[in-house]
There are 10 protein chains.
Amino acid sequence: MEFLVRAENRLPVDTPDEERARLKKAERSRADELRAVGALKRLWRVPGRNATIGLYETADATELHDALASLPMFPWMDITVEAVATHPQEQ
Amino acid sequence: MEFLVRAENRLPVDTPDEERARLKKAERSRADELRAVGALKRLWRVPGRNATIGLYETADATELHDALASLPMFPWMDITVEAVATHPQEQ
Amino acid sequence: MEFLVRAENRLPVDTPDEERARLKKAERSRADELRAVGALKRLWRVPGRNATIGLYETADATELHDALASLPMFPWMDITVEAVATHPQEQ
Amino acid sequence: MEFLVRAENRLPVDTPDEERARLKKAERSRADELRAVGALKRLWRVPGRNATIGLYETADATELHDALASLPMFPWMDITVEAVATHPQEQ
Amino acid sequence: MEFLVRAENRLPVDTPDEERARLKKAERSRADELRAVGALKRLWRVPGRNATIGLYETADATELHDALASLPMFPWMDITVEAVATHPQEQ
Amino acid sequence: MEFLVRAENRLPVDTPDEERARLKKAERSRADELRAVGALKRLWRVPGRNATIGLYETADATELHDALASLPMFPWMDITVEAVATHPQEQ
Amino acid sequence: MEFLVRAENRLPVDTPDEERARLKKAERSRADELRAVGALKRLWRVPGRNATIGLYETADATELHDALASLPMFPWMDITVEAVATHPQEQ
Amino acid sequence: MEFLVRAENRLPVDTPDEERARLKKAERSRADELRAVGALKRLWRVPGRNATIGLYETADATELHDALASLPMFPWMDITVEAVATHPQEQ
Amino acid sequence: MEFLVRAENRLPVDTPDEERARLKKAERSRADELRAVGALKRLWRVPGRNATIGLYETADATELHDALASLPMFPWMDITVEAVATHPQEQ
Amino acid sequence: MEFLVRAENRLPVDTPDEERARLKKAERSRADELRAVGALKRLWRVPGRNATIGLYETADATELHDALASLPMFPWMDITVEAVATHPQEQ
């Protein structure tokens with residue numbers, strides 16, 4: 001099923017550049033894997049914020065949590081999840 | 001997967017008693033069916049309100065919506081759904 | 001550009017069935033047109049609610065407003081729009 | 001009586017791994033004890049968050065507070081409690 | 001156990017005076033009974049509003065709900081309940 | 001007049017135990033004095049939180065502020081005050 | 001003591017002009033009386049709204065409630081009261 | 001000085017078309033006058049809503065209120081006003 | 001024109017006493033100057049909080065900002081401003 | 001298209017004066033460039049706050065994000081963006 005996932009990244013402003021770069025690269029790499037397995041279907045940036053909205057598809061909320069928790073930035077992310085149902089127009 | 005479902009019943013105060021009784025009985029009957037198929041696992045009353053919190057288990061959010069929309073009181077209910085994941089302590 | 005559009009449908013509960021059916025059919029028809037021109041890309045149902053979340057793509061907010069206002073249910077809808085930016089991972 | 005208890009864990013991100021592991025193990029152990037005495041009946045994870053929703057059953061709010069305060073992670077948890085009543089369908 | 005109960009009375013402004021008087025008298029009478037059995041311990045008025053805050057003591061949330069639902073004004077009241085624990089200073 | 005006072009205690013988690021104990025003891029001592037003069041009439045614990053709800057009676061909001069500011073924990077407390085009126089049922 | 005009182009006037013838009021005029025005149029008259037006795041000290045209009053902010057001075061919240069409830073528009077007003085203390089700079 | 005003014009139009013859905021058209025035309029006409037005298041400087045539509053955000057410039061909040069209250073749709077509008085200051089970059 | 005200004009003082013709890021005393025004295029001194037020129041007309045304390053509500057009168061929001069920013073405590077204050085209009089009863 | 005952009009500047013109070021001055025100057029310089037290319041059309045100060053409201057015009061939300069992220073103060077800013085549509089009165 002699909003979920004809309006809003007994630008605010010609270011990585012401290014004073015994080016050293018190299019650590020930030022390392023995390024960003026690892027985040028991108030893990031996100032690519034999640035895309036490859038079909039868990040992450042779309043990702044938008046919230047304009048003006050270090051935040052994203054993602055469209056995920058996983059078997060259930062437990063699998064979704066595991067996917068999100070596998071992201072290297074997870075410890076600094078403030079995430080809210082909204083379960084969405086298929087609309088009759090798309091069935 | 002499991003969902004916590006909060007439902008405020010907005011049936012107007014001036015609904016005729018017999019209509020109210022008919023709806024209540026039909027609601028109970030449909031809820032019993034949802035329990036029988038395992039969709040509705042627990043139901044609590046929010047004290048002081050014409051509102052409930054239910055623990056549902058369905059395949060996904062689409063099946064959950066269909067279950068909720070099948071309740072006779074659905075047109076008057078203000079419902080919010082929260083998808084919950086299995087906690088490692090219970091796996 | 002893309003927009004996430006949340007729409008709560010406030011059509012009164014006591015709307016006559018035939019009027020409701022007529023509106024629903026017209027809504028579906030207009031939505032199909034918006035899909036055909038690429039304005040409406042995805043539509044989800046918010047589980048438990050007479051509400052949807054849509055992913056729209058229009059030239060700008062003005063064109064988006066015109067698309068939304070063209071929906072037959074528009075007078076009864078409570079809509080909030082969120083502009084989303086393309087994420088670097090998808091560029 | 002039963003309570004729904006939402007707990008956000010605010011343990012700082014930079015907590016040393018061993019301290020984190022020690023706390024987690026102690027938390028699990030105390031939670032097991034609360035389950036054994038029937039105080040903790042269910043526990044869900046809020047997907048995407050270091051947060052849980054628990055179903056507790058204690059004599060009253062005072063006993064509930066004592067149960068929650070006995071958890072090793074308590075000093076870092078932001079907890080909100082909702083008292084729930086038995087629904088007539090389950091009486 | 002004790003509960004703090006906030007109740008907003010939404011009785012419509014255009015309720016006929018005699019109906020309003022009848023309800024008010026019946027409300028007072030039922031409240032007196034709840035005081036007599038120790039369920040209602042204190043009642044304050046929220047200044048400027050047709051609203052009250054009550055301190056109730058009942059066995060649990062289910063008994064509290066029954067007490068509140070027995071009030072003649074209940075169908076028009078918007079009630080929120082907060083379970084409170086005994087403070088160590090008062091044990 | 002009476003006031004309902006909600007106080008969240010934000011004393012940092014890493015406050016040394018002896019400092020915490022000293023403050024707690026001093027808080028209890030000052031609270032006892034406020035009870036002795038009739039300023040503090042009841043105190044409840046908010047279950048699951050390092051927070052209280054107090055029923056105070058002082059001449060006015062200025063005297064209430066002085067009472068609250070005299071508590072040793074005051075610098076760490078996030079307090080909200082609600083003025084309550086006497087209900088006709090209790091006059 | 002002093003109170004800041006925010007009042008939103010919810011008189012229905014379709015109230016007949018003469019009834020509206022009568023209420024407005026009566027409201028003004030009662031407000032003048034409250035000023036004369038020193039209960040109403042200042043009154044501001046919230047720009048763009050049928051709403052006011054008033055500075056009242058009464059013995060306590062009970063007397064304040066009686067003053068507010070004596071206003072002819074009271075049944076249609078949504079009022080929130082904030083008790084304010086004297087600032088040391090003004091003592 | 002300048003104000004940002006958000007206005008939600010709550011004109012009922014079932015307002016007769018001719019009355020709606022009459023109001024709309026009168027609103028446009030009065031808005032043109034407010035533009036002519038420099039009170040209304042910009043007007044945006046909130047996409048998806050029967051709502052606007054306006055940039056007004058008037059001597060003060062009292063004059064602003066008079067301008068807004070002169071709009072024919074005013075009785076149905078839910079308006080919030082935000083006073084804005086000149087930024088040093090524009091002085 | 002007049003403004004109601006709510007200011008929460010977020011000066012850290014661990015600010016050294018002498019620095020706190022110095023700031024407080026300077027704040028009082030600057031406030032006296034603002035009173036002398038008629039910018040600050042009234043000041044209330046929010047009971048239970050290190051917060052105030054002030055009634056200011058300045059030419060416009062820009063002058064108000066300059067007045068507030070001239071207060072020595074300004075860097076630690078969380079301020080919200082509400083523009084108020086003259087009520088017809090006071091014109 | 002146009003956007004209203006609210007930006008709260010969370011630069012820590014204890015930022016060294018020279019660093020603050022350097023950032024402020026760089027911010028001003030970059031803002032001038034954004035004005036020169038027509039991205040930043042107006043800027044207001046929120047009175048009493050280290051915050052601004054800006055009127056931006058960019059091709060879309062992605063270009064807007066790039067403009068905002070190019071500001072030297074961006075890492076400390078808490079920004080919310082609202083897409084606005086052209087009002088028929090201005091077309």
Side-chain angles (χ1 to χ4, degrees), chain A residues 1-9 20-21 23-58 60-61 64 67-68 70-73 77 79-91, chain C residues 1-9 20-21 23-58 60-61 64 67-68 70-73 77 79-91:
Chain A
M1 62 172 287
E2 290 179 314
F3 298 89
L4 283 171
V5 176
R6 188 173 296 260
E8 296 271 336
N9 191 328
R20 184 181 295 268
L23 279 167
K24 218 169 168 177
K25 192 178 165 192
E27 183 82 2
R28 175 66 179 262
S29 170
R30 180 63 189 135
D32 284 346
E33 293 172 7
L34 293 176
R35 283 179 195 266
V37 297
L40 174 56
K41 298 171 77 176
R42 284 295 312 276
L43 192 66
W44 297 274
R45 179 176 288 289
V46 182
R49 303 188 73 80
N50 190 0
T52 58
I53 300 173
L55 173 63
Y56 284 79
E57 182 164 26
T58 57
D60 53 27
L64 174 68
L68 296 170
S70 75
L71 290 164
M73 287 282 196
M77 288 201 286
I79 293 177
T80 49
V81 164
E82 180 170 22
V84 288
T86 304
H87 194 278
Q89 288 183 16
E90 300 197 349
Q91 273 170 332
Chain C
M1 61 173 287
E2 290 179 314
F3 298 90
L4 283 171
V5 176
R6 187 172 298 260
E8 296 271 335
N9 191 327
R20 183 180 295 268
L23 278 166
K24 217 169 168 177
K25 193 177 164 192
E27 185 81 3
R28 175 66 179 264
S29 170
R30 181 60 189 135
D32 284 346
E33 291 172 8
L34 292 176
R35 283 178 194 267
V37 297
L40 175 56
K41 297 170 77 174
R42 283 297 310 275
L43 193 66
W44 297 274
R45 179 176 288 290
V46 183
R49 304 187 72 79
N50 190 0
T52 59
I53 299 172
L55 173 64
Y56 284 78
E57 182 164 26
T58 57
D60 54 26
L64 174 69
L68 296 171
S70 75
L71 290 164
M73 289 282 197
M77 288 202 286
I79 294 178
T80 48
V81 163
E82 180 169 23
V84 288
T86 304
H87 194 278
Q89 288 183 15
E90 301 197 349
Q91 274 170 331

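All values derive from a computational prediction rather than experimental measurement. First the proteins, then the strands, lettered A, B, ... as listed; each starts at 1.
Closest heavy-atom contact between A83(C) and P47(A): O-CD, 3.2 Å.
Around the NZ atom of K41(A), the shell of radius 6.0 Å holds more than 12 heavy atoms that belong to other residues, nucleotides or ligands.
In this structure, chain C has a heavy atom under 4.5 Å from the backbone of T86(A), while its side chain stays farther away. With a 4.5 Å cut-off on non-hydrogen atoms, R35(A) touches chain C through its side chain but not through its backbone. Looking at L43(A), the atoms closer than 4.5 Å to chain C (heavy atoms on both sides) sit in the backbone and in the side chain alike.
In this structure the side chain of L55(A) reaches within 4.5 angstrom of the side chain of R42(C), judged on heavy atoms.
Chain C forms the most heavy-atom pairs under 4.5 Å with one residue out of E82(A), E2(A), R45(A), and that residue is R45(A).
Separation of atoms CG (D32(A)) and CD (Q89(C)) is listed at 6.0 Å; rounding is to 0.5 Å.
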